[in-house]
Amino acid sequence: MGLAASKDTLTPEEKAAEDAKHAQVAVMKQSLMKKVQDHEDRLHAMEGKGDPHLAVFKQEMLQVVDEHLQEHAQMEAEQEQLANYKKELLEKVDEHMDELHRAEDKAADVAKFKEEMMQKVDAHVQAVSVAK
């Protein structure tokens, strides 16, 4: 699915939680599909008897399965959006860290320049006082 790329940005805990959710959804889906199949089998066994309740129940079960599949797809889409958002935030943090390091380097250069100028001023003051 579309989550393969976004899984790279997840921590091991997040990956485990996501895998657990997928497993839970798969189990629920399997359980619901088995129930539908069981009811479908019973419906076929009762064909000709025309039990409208079973047809309604089958339709309701299929609707429940569809709803669960839609919820699962929505959860996957939200997970992918969150992973993309996290990736964007991490990229912005990296950019800001780069800016911070450049600012720190510039501050160090300014401090070094200041120190050199103070030494020159001190040397000049000493030369002037010796010349007096």
Side-chain angles (χ1 to χ4, degrees):
M1 291 202 181
L3 290 179
S6 65
K7 280 190 176 185
D8 295 340
T9 61
L10 299 178
T11 66
E13 294 83 14
E14 291 170 330
K15 285 181 183 177
E18 183 178 336
D19 290 343
K21 285 180 189 174
H22 286 289
Q24 184 180 14
V25 169
V27 168
M28 287 177 19
K29 179 181 173 185
Q30 187 68 27
S31 173
L32 288 172
M33 293 303 287
K34 181 164 178 14
K35 285 181 182 180
V36 168
Q37 186 62 45
D38 290 347
H39 288 289
E40 220 171 60
D41 292 345
R42 278 191 264 162
L43 178 64
H44 289 301
M46 296 181 75
E47 263 180 30
K49 296 180 182 174
D51 189 350
H53 297 293
L54 287 176
V56 169
F57 182 75
K58 175 185 174 186
Q59 191 60 36
E60 289 173 354
M61 289 302 294
L62 289 173
Q63 184 178 352
V64 168
V65 169
D66 285 342
E67 288 171 5
H68 281 285
L69 291 175
Q70 289 172 359
E71 288 174 13
H72 178 67
Q74 183 180 357
M75 286 179 2
E76 283 184 341
E78 289 171 357
Q79 183 67 35
E80 186 171 356
Q81 287 175 340
L82 289 173
N84 289 337
Y85 182 67
K86 178 181 176 182
K87 181 181 175 186
E88 290 173 16
L89 287 177
L90 290 173
E91 288 172 359
K92 287 180 182 181
V93 166
D94 286 343
E95 290 173 12
H96 287 295
M97 290 303 293
D98 290 344
E99 288 178 28
L100 177 64
H101 291 302
R102 284 193 296 273
E104 288 172 342
D105 293 344
K106 195 175 226 179
D109 290 344
V110 168
K112 183 179 176 184
F113 177 76
K114 178 183 174 186
E115 183 63 31
E116 290 171 359
M117 290 298 111
M118 291 304 291
Q119 289 173 358
K120 287 181 181 181
V121 167
D122 288 343
H124 182 71
V125 167
Q126 285 179 354
V128 168
S129 28
V130 169
K132 284 186 180 183

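A quick note: this is a predicted structure, and the numbers were derived from the prediction, not measured.
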Please determine whether residues Val125 and Met118 belong to a single hydrophobic cluster, defined as Ile, Leu, Val, Met, Phe, Trp and Tyr linked transitively by side-chain heavy-atom distances below 4.5 Å. no

Is the shortest heavy-atom distance from the side chain of Gln79 to the side chain of His22 under 4.5 Å? no

Hey, quick one: are Met28 and Val36 part of the same hydrophobic cluster, counting side-chain heavy atoms closer than 4.5 Å, chains of contacts allowed? no

Given side chains that start at C-beta, do those of Glu76 and Glu80 come closer than 4.5 Å, heavy atoms only? no

Hey, any chance Leu69 and Met33 share a hydrophobic cluster, counting ILVMFWY side chains that come within less than 4.5 Å of each other, even indirectly? yes

Is it true that Asp38 and Lys34 make a salt bridge, defined as a side-chain N closer than 4.0 Å to a carboxylate O? yes

CG of Asp98 to CD of Glu95: how many Å apart, nearest 0.5 Å? 8.0 Å

How long is the span from the CG atom in Asp19 to the NZ atom in Lys15, to the nearest 0.5 Å? 9.0 Å

Residue pair Glu67 / Leu32, side-chain heavy-atom distance below 4.5 Å: no

Can you find a pair of side-chain heavy atoms, one from Met75 and one from Val25, that are under 4.5 Å apart? yes

Does the side chain of Gln70 come within less than 4.5 Å of Gln74's, by heavy atoms? no

Does some side-chain heavy atom of Lys120 sit less than 4.5 Å from a side-chain heavy atom of Met117? yes

Does Gln24 CD have over 12 foreign heavy atoms under 6.0 Å away? no

In Å, rounded to the nearest 0.5 Å, how long is the span from CG of Leu90 to NZ of Lys92? 11.5 Å

Is it true that atom CD of Gln30 has more than 12 heavy atoms of other residues, nucleotides or ligands lying nearer than 6.0 Å? no

So, taking the atom named CG in Leu100 and the one named CG in Asp105, what distance separates them when rounded to the nearest 0.5 Å? 9.5 Å

Within the distance-only criterion (no hydrogens, no angle test), does the side chain of Ser31 pair as donor or acceptor with the backbone N or O of Val27 below 3.5 angstrom? no

Regarding Gln37 and Asp41, do their side chains bring together a donor and an acceptor under 3.5 Å, going by distance alone? yes

Taking atom types as modelled and ignoring hydrogens, do the side chains of Gln59 and Gln63 form a donor-acceptor contact shorter than 3.5 angstrom? no

Picking from Lys114, Glu115, Glu116, what satisfies side-chain contact (heavy atoms from CB on, under 4.5 Å) with Lys112? Glu116

